[in-house]
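Take a look at the structure set out below.
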Amino acid sequence: MNHYFKKQFLTTGICLTIFASGISQVAWAETKHLATNKTAAIALQAEKISSDDIHIFTTHTSLVLSAPIGGELKYVYYGDRLHAADLRNIESVANMDHAAYPVYGMNCPKESALAVTHADGNMTLQMEVVTVNTTKDNNTTLTTIALKDKVYPFYVNVYYKVYDDADVMETWTDITHKEKKNVVLNQFASGYLPIRRGNVWLSHLYGSWANEGKLAQEPLKPGVKVIQNKDGIRNSHTSHAEVMFSLNGKPQENVGEVIGAALCYGGNYKLRIDTDDSEYHQFYAGIDEAHSAYHLKKGETFTTPALALSYSNEGLSGCSRNFHRWARAHKLAHGHTLRKILLNSWEGVYFDINEAGMDQMMGDIASMGGELFVMDDGWFGNKYPRKSDNSSLGDWVVDTRKLPGGIGKLIQDATKHGIKFGIWIEPEMANTTSELYEKHPDWIIKAPQRDPVLGRGGTQVVLDLSNPKVQDFVFNIVDTLMTNYPQIDYIKWDANMSIMNHGSSYLSAANQSHLYIEYHRGLEKVCQRVREKYPNLTIQACASGGGRANYGILPYFDEFWVSDNTDALQRVYMQWGTSYFFPAIAMASHISAAPNHQTFRTIPLKYRIDVAMSGRLGMEIQPKNMTTEEKELCRKAIADYKMIRPIVQLGDIYRLVSPYDKLGVASLMYTTPEKDKAVFYWWKTEHFCNQHLPRVKMAGLNPEKTYRITELNRIDNQPLSFEGKAFSGAFLMANGLEIPYNHKVAYHKQNDYSSRVLYLEEVK
Ligand code: DGJ
């Protein structure tokens with residue numbers, strides 16, 4: 001920490017420890033409540049507002065907790081930033097029945113966040129506040145509330161972290177004890193939030209392989225709603241660890257109060273909402289405790305993953321913008337660095353890798369203006385060459401029969417074409433047909449006495465990352481590649497199997513239930529080592545498509561592959577849902593072939609481009625099968641994408657018309673924070689003669705500014721009637737533009753699809 005100073009003072013048992021290091025924030029008015037003037041100057045984002053209450057805040061949101069020393073830690077308020085007067089009297093209007101971190105044993109009918117069995121068999125907890133401590137470090141304020149059991153030497157620290165530059169709070173806990181023997185943790189959620197009943201709706205994502213990120217919206221009804229993942233490896237195919245609560249009825253994109261929550265964890269999770277006879281929905285989120293009872297040793301600390309909370313009074317899109325800003329600034333590798341436009345070899349050649357083919361693809365993407373080529377699966381294996389998905393994972397040596405010049409030659413070719421080179425690996429896995437498995441059969445996940453359950457290709461198995469030797473092996477895959485070929489710019493890190501059979505040869509018999517947790521601790525350790533040594537490498541998280549879109553894994557990755565389904569129409573739905581929590585800069589979105597390889601649907605190139613351009617643009621196609629005209633359209637699109645890339649990748653999203661509303665069209669836009677530029681997307685989702693589509697009102701513009709409209713990726717033989725014309729932000733947001741339902745193209749080029757991308761630039 002640079003030039004920091006530390007000040008401590010005690011006021012009725014509350015201890016504030018303040019670190020400041022070259023901080024230049026605006027001092028919050030409310031910090032005047034604090035006891036010294038030095039504290040005001042360093043813009044602490046937490047303050048004591050009465051002898052018991054703590055106010056933790058971001059620019060637009062407040063969380064109030066009651067933390068009386070010797071008493072119970074309670075939740076008081078979460079929502080819009082409170083004024084000083086409201087803060088003084090908030091307790092008088094709050095429901096004070098909610099423990100901020102409910103524990104099991106003395107209020108058994110209610111669900112709990114933490115439940116344990118003490119060393120002596122006692123199953124109850126009764127926690128009291130010992131200290132409240134707030135520290136400031138660079139741009140974060142961390143509030144730590146230390147709790148101790150009234151009787152047992154059992155301790156929980158509840159943390160709340162806020163950032164100066166994001167309307168997101170993170171909460172998690174540390175659990176430890178000094179009891180004579182192990183304490184068993186039976187439930188260990190990261191956080192809890194009561195949500196006042198009313199007409200509260202839940203938005204969450206569900207799906208499957210090739211159908212990820214689907215949006216579900218439902219009113220919360222009496223009973224229990226559980227969103228859970230038990231895959232072990234890939235936790236975002238069938239459900240997501242992120243949800244939004246719309247507090248004023250049916251969810252709306254640009255108005256209404258919304259609370260968003262994202263569990264930052266790469267493994268199994270459980271989100272649970274209890275709607276009982278009380279006035280509140282009760283939301284718990286954390287690691288799924290099923291089959292994961294944790295035996296906590298004396299002195300050991302169990303840290304739960306962070307639960308990120310956000311609140312917005314600007315609807316679902318407002319909440320998404322909060323998550324996106326926080327993600328770019330804090331939860332994504334290189335969140336402020338523009339991503340390269342790439343061609344990935346997978347759908348172009350699948351396993352059919354060879355030197356001439358790679359060179360041709362590199363030449364083609366370079367000629368269209370691309371900046372990176374990624375060689376996908378199929379390049380490795382010596383004794384067992386990787387010809388299909390049934391062998392070789394674990395044997396990370398180049399197959400010189402396919403690539404005689406090795407990776408060195410490929411890098412030379414990329415350099416010749418003026419682009420960068422990237423490579424695919426699936427480091428956490430092996431096939432039973434591999435030299436690795438022959439040498440280390442005990443490195444895979446499986447129960448003793450049982451045959452391994454085999455996955456993809458009939459031979460795939462998962463390596464046991466709880467084992468430090470396996471962690472070293474996985475790290476060395478990246479380290480060896482990068483040491484030998486430091487020019488490698490990008491790694492696609494895939495993971496294509498679930499934990500099917502519970503068991504580890506490394507973990508003790510008593511601790512077999514730690515497997516899921518230790519796997520992810522092991523993975524995280526490897527990722528940390530990779531990032532420490534290779535901070536500039538771009539890494540994509542892929543897991544059979546979109547299986548790893550979560551904020552547990554993303555701090556080590558730059559982006560994720562949204563889905564193995566590249567069908568542009570289905571992508572409209574999947575990318576819409578995924579954008580609820582994840583910014584466009586992280587959403588890999590590729591132009592692929594027609595008919596599509598997953599849906600077999602034939603969608604015109606213009607539409608495929610227009611959809612891919614709303615995320616992190618790439619291509620996943622065999623360019624040698626494209627016509628000169630198609631290549632030219634892509635070349636122009638890539639050039640235009642380079643112009644709008646900062647708006648899409650770093651801008652603010654406003655979702656306008658949802659494909660899930662089945663109005664025949666979907667539309668969204670991105671604006672710069674300065675609101676001087678924007679990109680508007682419009683995709684027809686149904687195709688009928690003389691149908692009626694809504695005129696789409698824009699959002700997120702400055703009503704006072706005037707914007708000139710330019711259509712991108714134009715295929716029509718005449719410009720749009722408003723091409724080059726300027727309109728006020730007020731008009732565009734109140735009325736919108738009439739978008740023609742079809743394209744004016746030659747008869748033989750007519751088809752049933754229609755889409756538009758409009759670039760808006762302020763006229764100064
Ligand atoms: C699954 C990924 O999602 C695909 O993109 C591709 O990389 C294959 N694995 C390769 O086996």
Side-chain angles (χ1 to χ4, degrees), residues 207-213 231 233-238 266 342-353 357-358 361 372-381 384-396 399 402 421-431 433-434 454-462 477 481 488 490-498 538-550 553 557-567 570-571 574-575 578 586-593 596-599 612 615-622:
S208 189
W209 172 80
N211 193 20
E212 294 91 334
D231 186 272
I233 308 284
R234 307 159 297 182
N235 72 6
S236 56
H237 272 137
T238 53
L342 63 85
L343 170 67
N344 176 296
S345 66
W346 181 241
E347 286 195 17
V349 297
Y350 293 102
F351 293 100
D352 192 11
I353 300 276
M358 297 298 97
M361 289 182 113
L372 168 71
F373 173 73
V374 181
M375 176 173 68
D376 209 282
D377 199 350
W379 59 268
F380 54 94
Y384 303 106
R386 177 84 165 170
K387 290 188 179 140
S388 77
D389 59 7
N390 64 8
S391 74
S392 326
L393 293 176
D395 301 347
W396 299 105
D399 180 352
K402 289 181 177 179
F421 178 78
I423 195 163
W424 177 96
I425 51 175
E426 192 177 355
E428 298 154 72
M429 306 287 161
N431 290 108
T433 310
S434 71
L454 303 172
R456 188 179 184 206
T459 58
Q460 187 156 336
V461 285
V462 182
I477 297 168
L481 274 173
I488 291 177
Y490 178 108
I491 281 182
K492 175 173 173 179
W493 180 306
D494 207 345
N496 292 304
M497 194 176 162
S498 320
T538 303
I539 316 181
Q540 181 187 72
C542 174
S544 315
R548 272 192 173 158
N550 69 69
I553 214 92
F557 291 79
D558 299 70
E559 60 175 34
F560 58 91
W561 184 219
V562 174
S563 176
D564 272 351
N565 187 339
T566 55
D567 175 277
Q570 201 165 340
R571 277 282 182 133
M574 293 190 285
Q575 294 181 184
T578 308
M587 288 166 50
S589 182
H590 296 178
I591 301 164
S592 64
N596 179 267
H597 291 192
Q598 294 78 38
T599 60
R616 192 285 278 134
L617 175 68
M619 299 187 76
E620 181 125 357
I621 195 167
Q622 173 49 281

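Start at 1 with the first residue, then count along the sequence. Order of appearance sets the numbers: ligands from 1, and atoms from 1 within every ligand. All values below come from the heavy atoms of this structure, side chains included, with hydrogens, waters and symmetry mates left out.
- Counting the atoms of ligand 1 from 1 in the order shown, those under 4.0 Å from a heavy atom of G545 are 3 (O).
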Exercise for review: In sequence, state the C-alpha distance, the side-chain angles, and the governing distance for F351 and W346, and then conclude on ring pair (Phe, Tyr, Trp, His ring centres under 6.0 Å).
Suggested key: CA-CA 8 Å; F351 293 100; W346 181 241; 5.1 Å; yes

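- Of all the atoms in ligand 1, the ones that sit under 4.0 Å from a non-hydrogen atom of C542 are 2 (C), 3 (O).
- Shortest contact from atom 5 (O) of ligand 1 to any protein heavy atom: K492 NZ, 2.7 Å.
- Heavy atoms of R456 found under 4.0 angstrom from ligand 1 belong exclusively to the side chain.
- With respect to atom 4 (C) of ligand 1, the closest heavy atom belonging to the protein is D564 OD1, 3.4 Å.
- With a heavy-atom cut-off of 4.0 Å, N496 touches ligand 1 through its side chain alone.
- Between I423 and V374, the closest side-chain pair of non-hydrogen atoms is not below 4.5 Å.
- Residue, atom and distance of the protein heavy atom nearest to atom 11 (O) of ligand 1 are D377 OD2, 2.6 Å.
- Atom 7 (O) of ligand 1 has D376 OD1, 2.7 Å as its closest protein atom, hydrogens excluded (heavy atom only).
- In terms of polar-atom proximity, E620 is not counted as a contact of ligand 1, lacking any N or O under 3.5 Å from an N or O of the ligand.
- Nearest protein heavy-atom neighbour of atom 9 (N) of ligand 1: D494 OD2, 2.7 Å.
- Using a 4.0 Å cut-off between charged nitrogen and carboxylate oxygen, K492 and D376 count as a salt-bridge pair.
- Contact check for P385 versus K402: no side-chain heavy atoms found under the 4.5 Å cut-off.
- Put simply, the side chain of T599 reaches to within 4.5 Å of the side chain of N565, judged on heavy atoms.
- Neither the backbone nor the side chain of E426 has any atom closer than 4.0 Å to an atom of ligand 1 (non-hydrogen atoms only).
- Using a 30° and 60° split on the angle between ring planes, W396 and W424 fall in the tilted class, from 30° to 60°.
- Only the backbone of S544 comes within contact range of ligand 1, with a heavy atom under 4.0 Å; no side-chain atom does.
- In this structure the side chain of N496 never reaches within 4.5 angstrom of the side chain of M429, judged on heavy atoms.
- Screening S236, S563, S544 for a side-chain hydrogen bond (donor to acceptor under 3.5 Å, both in side chains) involving E212 leaves a single residue, S563.
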